[in-house]
Structures are given as C-alpha cells and as structure tokens.
Amino acid sequence: MKNCRLVSDLHLFSKRSQGERHQSAIERAAAEADAFVLAGDNFDFHWSTLGPVDESAAQAERWLERLASRSPNCRFHVLLGNHDSHPALMRRLESLQSRLPNFEWQPYFVRIGSSVFLH
C-alpha cells in the first residue's frame, strides 16, 4: 500500500459534530488514498439528532456507501468506537461489506500490512 488516510471521532449526527464541515476534505483524501480507515465514533448513536437509532443507522449506511462509491480505487476499513458500536449499524455494515468490493469493517482493530489501527 502506498498511502493510507485515517479519520476518527467525527461524531456525525450529534449537535457537537464538525464532521460535515470537513466532508469535502475527507472525500479528497479518499480519492487520493489506497486505503482509508474510519477509526471509530464517526457516527454518534448516543447523541444523535436524527431520532430513532434505525434512522441514524440508515443515514450512516448512506454516508459510507456514498464515500466508498465515490472512490472505488480506495479500500475503506471501518472500525467501531463506543458511540457507533450498535447492532443496527453492524447489520448495515455487513450489508455494505457484501455489496461494495472496496469496503470492510471490523469491531476492534484493522491490520494493513505491518500497521495496526485501533479506536
């Protein structure tokens, strides 16, 4: 792998999130990377402003699918943190992993070559 990018703790869907402000930078970084690690708490189910957990999980799935689809040459690795580790999201991550060839998720860590990524 030539280059890898990482982002964590965006806390999307919470009032305190600044994640949307950085959306275009995230998309540019993904377009230039071989691998992109989303290292946990990128979504916030504890403080979501979207209402029911299922709605937050659906929005998270759409966000991830859009990001991965826009950069098909980048391999996306999703880790979970304490704010986005929820069964509703995990089911959707399984679905994304089966549909998108450049997408995978792990609950605890990702290993890419000799590097290990944790939340």
Side-chain angles (χ1 to χ4, degrees):
M1 169 188 28
K2 293 180 184 174
N3 62 66
C4 179
R5 302 291 189 265
L6 179 138
V7 68
S8 72
D9 294 282
L10 292 171
H11 289 274
L12 296 172
F13 315 144
S14 73
K15 287 182 184 178
R16 66 186 180 127
S17 176
Q18 297 291 310
E20 290 301 320
R21 195 171 139 212
H22 302 288
Q23 185 68 35
S24 60
I26 292 167
E27 290 176 7
R28 277 193 312 276
E32 298 169 357
D34 297 314
F36 198 106
V37 178
L38 293 122
D41 288 349
N42 290 294
F43 308 102
D44 198 319
F45 293 105
H46 296 286
W47 306 107
S48 179
T49 60
L50 301 180
V53 169
D54 287 337
E55 179 57 28
S56 296
Q59 289 288 344
E61 179 182 23
R62 284 191 283 275
W63 190 90
L64 289 166
E65 186 166 21
R66 187 181 79 191
L67 183 64
S69 296
R70 288 184 176 181
S71 296
N73 296 322
C74 181
R75 180 97 182 140
F76 290 88
H77 304 268
V78 173
L79 290 172
L80 298 177
N82 59 311
H83 287 258
D84 55 11
S85 183
H86 194 283
L89 179 61
M90 290 180 208
R91 287 188 296 274
R92 290 176 180 274
L93 293 174
E94 284 294 325
S95 176
L96 283 171
Q97 186 168 276
S98 69
R99 293 191 330 261
L100 299 173
N102 64 331
F103 182 91
E104 66 180 62
W105 78 279
Q106 297 294 327
Y108 307 115
F109 70 93
V110 168
R111 178 175 297 183
I112 302 173
S114 62
S115 299
V116 175
F117 301 89
L118 308 165
H119 173 66

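Worth saying up front: this structure is predicted, and the values here are computed from it rather than measured.
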Quick one: does any side-chain atom of D34 pair with a main-chain N or O of C74 as donor and acceptor, under 3.5 Å? no
Any side-chain donor-acceptor pair under 3.5 Å between D44 and H11? yes
Non-hydrogen side-chain atoms of H77 and F103 separated by less than 4.5 Å: no
Looking only at heavy atoms, the pair that brings A88 and V53 closest together is CB-CG1, 3.8 Å
Under the criterion side-chain contact (heavy atoms from CB on, under 4.5 Å), I'd like the reasoning laid out for L12 against D84: C-alpha separation, chi angles, the key distance, then a yes or no. CA-CA 10 Å; L12 296 172; D84 55 11; over 6 Å; no
May I ask you to decide if K15's main-chain N or O and T49's side chain share a donor-acceptor pair within less than 3.5 Å? no
Rounded to the nearest 0.5 Å, how far does CG of L89 lie from CD of Q59? 12.5 Å
Distance check, rounded to the nearest 0.5 Å: H119 atom NE2 versus L79 atom CG? 9.0 Å
Heavy-atom side-chain contact between V7 and L38 under 4.5 Å: yes
Is there side-chain contact between V37 and R5, with at least one heavy-atom pair below 4.5 Å? no
Least distance between heavy atoms, N3 atom then A33 atom: OD1-CA, 2.8 Å
State plainly whether the residues E61 and R99 are in salt-bridge range, i.e. N to O under 4.0 Å. yes
If you round to the nearest 0.5 Å, how far is CG of L6 from CZ of F117? 6.5 Å
Sub-4.5 Å side-chain heavy-atom contact between V110 and L118: no
Using every non-hydrogen atom in the two residues, find where L100 and A68 come nearest and quote the distance to one decimal. CD1-CB, 3.9 Å
Would you compute the distance between atom OG of S71 and atom CD1 of I26 and round it to the nearest 0.5 angstrom? 11.5 Å
Between S48 (side chain) and S56 (backbone), is there a donor-acceptor pair under 3.5 Å? no
Answer yes or no: is there a side-chain heavy-atom contact under 4.5 Å between E20 and W63? yes
side-chain contact (heavy atoms from CB on, under 4.5 Å) assessment of H86 paired with R92: CA-CA 10 Å; H86 194 283; R92 290 176 180 274; over 6 Å; no
From OG (S17) to CG (D41), nearest 0.5 Å: 11.0 Å
I'd like to check E27 versus E32 (side-chain heavy atoms, cut-off strictly below 4.5 Å). Are they in contact? no
Specify the closest pair of heavy atoms between A57 and F45, including all atoms of both residues, with the distance to one decimal. N-CE2, 3.4 Å
Where the side chain of S98 meets the backbone of S95, is there a donor-acceptor pair that is under 3.5 Å apart? yes
Is there side-chain contact between F43 and V78, with at least one heavy-atom pair below 4.5 Å? no
Checking D9 side chain against N42 main chain: does a donor-acceptor pair fall under 3.5 Å? no
Are any of the side-chain nitrogens in R62 or E55 under 4.0 Å away from the carboxylate oxygens of its partner? yes
For L10 and G19, work out which heavy atoms get closest and say how close. CD2-CA, 4.0 Å
To the nearest 0.5 angstrom, please state how far the CZ atom of R70 sits from the CD atom of E65. 11.5 Å
Just by distance, no angles: are the side chains of R111 and S115 close enough, under 3.5 Å, to form a donor-acceptor pair? no
Shortest non-hydrogen pair, W105 vs L80, comes out as CZ3-CD1, 3.6 Å
